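Each ligand, and each atom within it, is numbered from 1 in the order the structure gives. Numbering of residues begins at 1 and proceeds along the displayed sequence. Being a predicted model, the structure only gives us computed values, none of them experimental.
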Amino acid sequence: MAPPPSETPEPGRSPTAPSAGVSDPFSEPLCIGALALDRRLFMAPMAGITTLAFRRSVRRWGAGLAFTEMISAYGVHYRDRRTLDYLMCGPDEHPLGFQLFGADADVLADAAARCVEAGADLVDLNMACPMRKVVKTGAGAALLGDPERAAAIVAAVVGAVEGRAPVTVKIRSGLREGDEAGRRTAPRLVAAGAAAVCIHPRTARQLYRGRADHSITFALAAELPVPVIASGDVDGRAAALALLEGGAAAVMLARHALGRPWLFAEILDDAQAPPLAERLAEVRRFTDDVMREMEARSVGYLRQFWPRYRRAGTLDKELAHALMLAPDVTAVRELLDR
Ligand SMILES: Cc1cc2nc3c(=O)[nH]c(=O)nc-3n(C[C@H](O)[C@H](O)[C@H](O)COP(=O)(O)O)c2cc1C
């Protein structure tokens, strides 16, 4: 690691944007239902990634809205202790979306009401997850193949939250190439009360391979009377701007923000990555937050990030390798404090 700076900078985006006075498409206010947002760049929900510490990290760099990872509605409904842990959020975390997955309207409705009690500013329903263990239960992307049930779920959840939070839905373009299930289902979800639709325009069968086809995002944005949020392949300002210009109401970062939370600031401020000292301060701050939140489990969780920090040029190869091998939190701390 580079020698520590004499004064450790406080990580995060500076509040002054370079284009002060010039209207910036990312700073146009956006309403999702009654929820007013001041920025159109969000962090997407990611299972196993979007913990409280992670959400705080991307918020420091400018994320206008973050999401929990997808939470099992059954787990919430039946008060599974581990699932209830996912409902924990901080007072500094708003606005925050909670994402639920499930296939039963009553169970999802009850879980959504609990999310609102736990602090959700928005409840998102996952109709996008392509993973076998989710789809085989009728949840996630499987709901795109059952539009009637999908719409009934939205209606039940909207009824349960009683206007306390907007209900949104995250979809894929379809189950398989050419079926257009996303585009055909979305209007029914909106008619049932969805306040926005987020689309990741890959098919479920594609998983995360290939390119996202945002011509589908633009077609949906032209058709639907609610905001359409775009997710997929956003790696910088040009890609994000192109999505807003094509009609998306907001853009979500996902894989490209892993190990690179300052990508939010790069996009919002049309800026370069911050200096190494600031990036290292962010790595240490994030690591501390993760350790406080996850204790012994943090070592495994953090292993997802070390190679990404290395790829983004923030950690050198030797340090990233040593961190991967570090057996416990003490070893991780010692390596980062060197
Ligand atoms: C590891 C991983 C976990 C994800 N978990 C979720 C999730 O819990 N809920 C969800 O709606 N999407 C999830 N996604 C999809 C992302 O939110 C996003 O839509 C997708 O990665 C496309 O964006 P990208 O090409 O910028 O990565 C996940 C993606 C990855 C790679």
* When you measure from atom 19 (O) of ligand 1 to every protein heavy atom, which one gives the shortest distance, and what is it? -> S231 OG, 2.7 Å
* Non-hydrogen atoms of R202 versus ligand 1: any pair closer than 4.0 Å? -> yes
* Provide, to 0.1 Å, the distance between atom 26 (O) of ligand 1 and the closest protein heavy atom, together with that atom's residue and name. => D233 N, 3.2 Å
* To do: Verify the distance criterion only: is there a donor paired with an acceptor across the side chains of S173 and E180 at less than 3.5 Å?
  => no
* Looking at R260 and E266, does any basic side-chain N land under 4.0 Å from a carboxylate oxygen? -> yes
* Looking only at distance, does E69 have an N or O less than 3.5 Å from an N or O of ligand 1? -> no
* Worked verdict on D24 versus R237 for salt bridge (Lys or Arg N to Asp or Glu O under 4.0 Å) -> CA-CA 12 Å; D24 180 84; R237 186 168 167 101; 3.1 Å; yes
* Asked: Can a cation-pi geometry be assigned to R172 and Y208, taking NZ or CZ under 6.0 Å from the six-membered ring centre and within 45° of the ring axis?
  -> yes
* Structure fact -> Filtering H200, M43, R172, R255 for the heavy atom nearest atom 25 (O) of ligand 1 leaves R255
* To do: Could you walk me through whether R310 and D316 pass salt bridge (Lys or Arg N to Asp or Glu O under 4.0 Å), step by step?
  => CA-CA 6 Å; R310 181 177 66 72; D316 63 37; over 6 Å; no
* For F42 and F67, run ring-ring contact (aromatic ring centres under 6.0 Å, His included): C-alpha distance rounded to whole Å, both residues' side-chain angles, the deciding distance at 0.1 Å, then the answer. => CA-CA 9 Å; F42 306 160; F67 289 83; 7.0 Å; no
* Closest by any non-hydrogen atom to atom 9 (N) of ligand 1: pick that one out of M70, M127, Q99. => Q99
* To do: Can you pull out the closest protein heavy atom to atom 28 (C) of ligand 1? Residue, atom name and distance to 0.1 Å, please.
  => Y208 OH, 3.3 Å
* Asked: Just distances here: any N/O of A47 and N/O of ligand 1 closer than 3.5 Å?
  -> yes
* Counting heavy atoms only, which part of N126 comes closer than 4.0 Å to ligand 1: side chain, backbone, both or neither? -> side chain
* Contact between A212 and ligand 1, counting heavy atoms under 4.0 Å? -> no
* Asked: Going through the distances and angles, do R292 and D289 end up as a salt bridge (Lys or Arg N to Asp or Glu O under 4.0 Å)?
  -> CA-CA 5 Å; R292 242 189 317 277; D289 286 353; 2.7 Å; yes
* To do: Answer yes or no: does an N/O atom from P45 fall short of 3.5 Å to an N/O atom of ligand 1?
  => yes
* **Distance from atom 10 (C) of ligand 1 to nearest protein heavy atom, with residue and atom** => K170 NZ, 3.4 Å
* Do T203 and R176 have side-chain atoms, one donor and one acceptor, less than 3.5 Å apart? -> no
* Structure fact -> In this structure, CZ of R183 is separated from CD1 of I216 (nearest 0.5 Å) by 8.0 Å
* For atom 30 (C) of ligand 1, which protein heavy atom lies nearest, and how many Å away is it? -> M46 CE, 3.4 Å
* Structure fact -> Near G232 (heavy-atom distance under 4.0 Å), the atoms of ligand 1 are 22 (C), 23 (O), 24 (P), 25 (O), 26 (O)
* Asked: In ligand 1, which numbered atoms sit nearer than 4.0 Å to a non-hydrogen atom of A254?
  -> 18 (C), 21 (O), 23 (O), 24 (P), 26 (O), 27 (O)
* Asked: Is there a path of hydrophobic side-chain contacts, each under 4.5 Å between heavy atoms of I, L, V, M, F, W or Y residues, that connects L41 with M252?
  -> no
* In terms of atom number and element, which parts of ligand 1 are under 4.0 angstrom from non-hydrogen atoms of A44? -> 17 (O)
